[in-house]
Amino acid sequence: MREEAHRFGRARHLVGIAGVPEGARGATGVIVLNAGLVHRIGPFRLHVELTRQLNAAGYPTLRFDLSTLGDSCASGGQQTRTQQVCADVDDAMKLLAERAGCERFVLVGLCSGAQNAHVVAATDPRVSGAVFLDGYAFRTLGYKLRHYLPRLVDPARWARRLTRRGGGDASVTPKAAQPVFAVAPAPRDEVIADFTGMVERGMKLYLVYSGGISNYFNHARQFRECFGKVMSHPAVTTRYAAETDHTYILTGDRARLLDGIGGWLSHNFPPANAGRHP
Amino acid sequence: MRQDADMPFFFGPDAGLFGMYHAPSVPARRAMLMCPPLGQDLIRCHRLYRQLAQSLAEEGMAVLRFDYHGTGDSAGGSAEVDWERCVRDAATAAVELRRRAGVDRIVAFGARLGGSVALAAAEQARFSEVIAWDPVLDGGHYVAELDAMQAALREDAGRFNAPRSHSDVAEQWLGFDIAESLRHQLSALSVASANVPTLVLDSMPASSGRSWERIVSHRGRVATITPPTPWNDLERLETAILSHPLIQAVTGRLKEVA
């Protein structure tokens, strides 16, 4: 299988790499969105490894840069960012439909990519599945108990705190946070309504959250705490990977993530049956 | 700028190398080949390489950016990156750039190991000049730095909830699998001067103990860029490297010799 480089889109402003396996005509296509500001290859080449592994399993793929990210330009229109994202993914779906005959799509996004995938998945009937990596989450009561209780009963932490208050540890200065990735918050009721609408429409969802977002998510139970009973729907699969970081810097963690996505896809969108909406 | 002036394509053996050709709006008289760094530096510099390529294309230069085998969008896994192959890929890319631009004269640019590749490939690729930004000259020192950062990564409390095992971080450098052969190649790397005019753009921290004499003693010079570039800062590992002074320095140099 050979990958194809494309300049495409309504203003020929987008750049992406399509992978079209032999005999994959009509299969469900997988589209991978940018993670933060990283260009289409993904953090540590995550998106290259993912798309090639999925190509080997028989899925057509497209990893591409949204407007103004990576090698893509602005479309020149007067659109909000959300409208741009929807229009860009529409362009991506049209390209993969043309190259591989795809009619149904699975979107994959990490962090802001998950947010963008969520926006499109909530509104576009061609999207039949989505993989949200460190997507929307909210600090729940359970989160706060799990986060603060161990600290309250930790004598070493109290000792450090008292020492600092006494001015005894002047060498420790707070570090300025380096902005890397962020998911802008959305109203929780809105997110729950979106998830509910997606599964009612027949979509399959795979949510994988990492230990790298422990500042707002810290346990597998939190999926249900955040989003309620829709997380128990048979169409929803969740996984909490406490040991990994946000961008899967270790190759073993990355391999387990890719195997998880591949397994979820083959279970829900088997290549032989792909293209037929569940 | 024309939207479709930058064209992505595959080229080289088995069409496995990814390239992005920036066509100038007027017939090119000169061309630049941009050799990327390796590993995480490639991702951190992507935006800057694009900005520089577009600036040069607007000045009338034909520019080719590309990825070596096993990097970026090119074919091959990360563990397949090979130093000699990178140098050969740069020469292959130079052939492709000459074919597309219709010019013979190519200036090579590269950051960190990309600068080292440009210097090492200068003769084979027939570069007319090399502009190297903080090139890696002493591979052994560079490998030691990467090993130290990888060791620190294992216990990085800002990244992991708990320290990872030694086996979890083994045979990798900052997000990428590393073959033993590449480790040996880089450990033994000692970049010599290229027999062409060479400009070293130096933005290494003063504490780095860098010395450029050996590559600029005959036909080169050094220009300092400020502020220093945080190449080896674990906390900024996923922060893009952007430098307007770098773009000014490169475009300024090319205007000098136009």
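So that the names make sense, note that chain A is the first sequence line, chain B the second, and so on, each numbered from 1.
- Proximity to chain B involves both the backbone and the side chain of A:Leu250, based on heavy atoms less than 4.5 angstrom apart.
- Enclosure of atom CD in B:Glu171 is not indicated, since only 12 or fewer non-hydrogen atoms of other residues, nucleotides or ligands lie within 6.0 angstrom.
- Looking at B:Ser74, only its backbone comes within 4.5 Å of chain A, counting heavy atoms on both sides.
- Proximity to chain B among residues 141-149 of chain A is not found for any residue, judged by heavy-atom separations below 4.5 angstrom.
- Separating the NE2 atom in A:His13 from the CG atom in B:Asp6 is a distance of 13.5 Å, to the nearest 0.5 Å.
- With a 4.5 Å cut-off on non-hydrogen atoms, A:Ser72 touches chain B through its backbone but not through its side chain.
- Remark: the backbone N or O of A:Leu37 is not paired with any side-chain donor or acceptor of B:Arg47 at under 3.5 angstrom.
- Contact of the B:Phe10 side chain with the A:Ile17 side chain is registered, since non-hydrogen atoms from C-beta on lie closer than 4.5 Å.
- No side-chain heavy atom of A:Glu243 sits less than 4.5 Å from a side-chain heavy atom of B:Asn161.
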**Request:** Given side-chain contact (heavy atoms from CB on, under 4.5 Å), test A:Val15 with B:Met20 step by step and report yes or no.
**Result:** CA-CA 10 Å; A:Val15 170; B:Met20 179 68 81; 4.0 Å; yes
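- With hydrogens and angles disregarded, no donor-acceptor distance shorter than 3.5 Å links the side chain of A:Arg45 to the backbone of B:Phe176.
- When each of B:Val169, B:Leu42, B:Leu237, B:Leu174 is checked for heavy-atom pairs under 4.5 Å with chain A, B:Leu174 comes out on top.
- Taking 4.5 Å as the heavy-atom cut-off, the residues of residues 66-73 of chain B that approach chain A are B:Gly70, B:Thr71, B:Gly72, B:Asp73, ordered by number.
- Listed for the A:Arg254 side chain is a donor-acceptor partner under 3.5 Å among the backbone atoms of B:Gly175.
- Proximity to chain B involves both the backbone and the side chain of A:Glu3, based on heavy atoms less than 4.5 angstrom apart.
- Separating the CZ atom in B:Phe160 from the OG atom in A:Ser210 is a distance of 10.0 Å, to the nearest 0.5 Å.
- Using a 4.0 Å cut-off between charged nitrogen and carboxylate oxygen, B:Arg65 and A:Asp71 count as a salt-bridge pair.
- In terms of modelled atom types and a separation under 3.5 Å, the side chain of B:Gln172 and the main chain of A:Thr251 share a donor-acceptor contact.
- If you measure heavy-atom distances from A:Leu69 to chain B, the contacts under 4.5 Å come from the backbone alone.
- One N or O on the side chain of B:Arg50 and one on the backbone of A:Gly70 form a donor-acceptor pair closer than 3.5 Å.
- Side-chain contact between B:Phe9 and A:His6 is absent, with no heavy-atom pair separated by less than 4.5 Å.
- The local environment of CG in B:Asp14 is sparse, with at most 12 non-hydrogen atoms from other residues, nucleotides or ligands closer than 6.0 Å.
- No donor-acceptor pair under 3.5 Å is formed between the side chain of B:Arg159 and the backbone N or O of A:Ile249.
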